[in-house]
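Position 1 is the first residue of the sequence; numbering continues from there. Values reported hereafter were calculated over all heavy atoms of this structure, with side chains retained and with hydrogens, waters and symmetry mates removed.
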Amino acid sequence: MQSFNEITFKVIARIKSDFPDKFGIPRQSGLLKNLRSTIVFEPEFRNADALRGLEGFSHLWLLWIFSENVRDTWKPTVRPPRLGGNTRLGVFATRSSFRPNPLAMSCVKIESVNLTGEGAPSITVSGADLMDGTPIVDIKPYLPYADSVPEATGGFAEAVRFHKLDVSFAAEAQVALDEQFPENKKAALVELLSEDPRPAYQKDADRVYGIRFADFEIKFQVQGDHLTVVAILPLQP
């Protein structure tokens, strides 16, 4: 039997998303239904035949690389942000990005498959939790009869759930939202903010936080269950 100690993966595609940074990216895939991203294939895999039959599926599994967390060492325990960053659990009991192999998986919904248009082939998906440019190493169809387990339990992730925040915009931020922010991304922005993008261990009501999304910097404050956007600033080219 052949033995493998190391395996090299080929990057088959990269994601084009509205997140240039890690901060603010959804904690899991599927949380933001209005968030759109595009899977753009690398030249070697830019072949429409590779997507033949995909039109019959509604969702995909993306297998991708935590490209910002590639390292030579690993630790058996990590501090999940969901638990405030203070409790250590086994790395294999979490979805932490700090792993022996920086592999991740996300379930996303197929919105459209582009086989002949500009940039074809490509796939537009919703619900992706990937930073812009993230390398994808495989794509597999989601199979409801096999992949859905209604009786499954969620461990500590079920015990500590994040609740949605009410979102409002200060006067100047509302003007920027109405006049400058892309119309087709407004719902995704509100959805993103309602999920409370702050790290679980940061709860300073006086602090102004900032995330970069859709070519804008979004500055906000959180007090209790309410998030207020105080500024929406175009990113400098």
Side-chain angles (χ1 to χ4, degrees), residues 1-32 35 37-45 60-108 125 127-140 142 147 149 152-162 192 195-204 207 209-213 217-218 235:
M1 179 181 296
Q2 192 171 9
S3 176
F4 294 97
N5 290 322
E6 292 187 2
I7 298 176
T8 300
F9 289 101
K10 286 188 175 182
V11 175
I12 67 166
R14 295 182 186 273
I15 200 81
K16 181 175 176 57
S17 78
D18 286 312
F19 293 102
D21 305 314
K22 291 188 294 183
F23 184 64
I25 292 178
R27 295 178 177 90
Q28 297 291 341
S29 61
L31 294 179
L32 306 188
L35 184 65
S37 305
T38 303
I39 299 170
V40 180
F41 289 89
E42 295 290 280
E44 180 182 353
F45 302 96
L60 293 174
W61 286 111
L62 304 182
L63 304 182
W64 49 279
I65 303 293
F66 284 116
S67 52
E68 297 297 299
N69 285 331
V70 175
R71 54 186 61 197
D72 295 329
T73 60
W74 73 285
K75 294 182 179 180
T77 61
V78 295
R79 298 177 180 178
R82 184 178 285 268
L83 298 180
N86 298 316
T87 303
R88 283 196 172 274
L89 292 177
V91 64
F92 300 131
T94 76
R95 294 194 179 189
S96 169
S97 58
F98 300 100
R99 318 187 67 78
N101 294 305
L103 286 172
M105 62 181 185
S106 296
C107 183
V108 297
V125 299
D129 54 340
L130 284 70
M131 189 175 72
D132 186 51
T134 293
I136 297 170
V137 295
D138 203 3
I139 296 171
K140 299 177 184 291
Y142 177 91
D147 295 341
V149 186
T153 57
F156 72 90
E158 288 291 329
V160 186
R161 290 196 175 191
F162 292 97
L192 167 65
E195 290 286 340
D196 193 353
R198 300 173 300 167
Y201 51 84
Q202 292 185 2
K203 300 297 182 183
D204 186 350
R207 179 171 176 175
Y209 296 86
I211 60 174
R212 298 202 296 170
F213 176 74
E217 183 174 13
I218 315 298
L235 293 175

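Distance check, rounded to the nearest 0.5 Å: OG of S29 to CG of L35 gives 11.0 Å. Separation of atoms CD1 (I218) and CG (L192) is listed at 8.5 Å; rounding is to 0.5 Å. To the nearest 0.5 Å, atoms CD (E217) and CZ (R212) are separated by 8.0 Å.
Residue L130 comes nearest to I25 through the heavy atom pair C-CD1, 4.1 Å, listed as atom of the first residue, atom of the second, then distance. Considering every non-hydrogen atom in both A13 and F41, the closest pair reads CB-CA, 3.8 Å. Pairing each heavy atom of D138 with each of I136, the nearest pair is O-CG2, 3.5 Å. The minimum heavy-atom distance linking G24 with F19 is given by the pair O-CE2, 3.5 Å. The two residues F98 and V91 come nearest to each other via the heavy atoms O-CG2, 3.4 Å. When all heavy atoms of F66 and L103 are compared, the pair lying nearest together is CE1-O, 3.5 Å.
Residues satisfying the side chain to side chain donor-acceptor pair (under 3.5 Å) test with W74, not counting sequence neighbours, are none.
Residues T94 and R99 have side chains in contact (heavy-atom distance under 4.5 Å, counting atoms from C-beta outward). A 4.5 Å side-chain heavy-atom check between I15 and W64 finds every atom pair outside the cut-off. Taking the side chain as every heavy atom from C-beta outward, I39 and V125 approach each other to under 4.5 Å.
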Is there a side-chain contact (heavy atoms from CB on, under 4.5 Å) between I65 and V137? Walk through the geometry before answering. CA-CA 7 Å; I65 303 293; V137 295; 3.8 Å; yes
Run the side-chain contact (heavy atoms from CB on, under 4.5 Å) check on M105 and L63 step by step: do they pass? CA-CA 5 Å; M105 62 181 185; L63 304 182; 3.7 Å; yes
From CA spacing to verdict: side-chain contact (heavy atoms from CB on, under 4.5 Å), L62, T134: CA-CA 11 Å; L62 304 182; T134 293; over 6 Å; no
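Not one N or O on the side chain of T38 forms a donor-acceptor pair closer than 3.5 Å with the backbone of V40. With hydrogens and angles ignored, the 3.5 Å screen pairs no side-chain donor or acceptor of R95 with any backbone N or O of R27.
Sorted by first and then second residue, the side chain to side chain donor-acceptor pair (under 3.5 Å) pairs with a member in residues 9-19 read K10-E44, D18-K185; sequence neighbours excluded.
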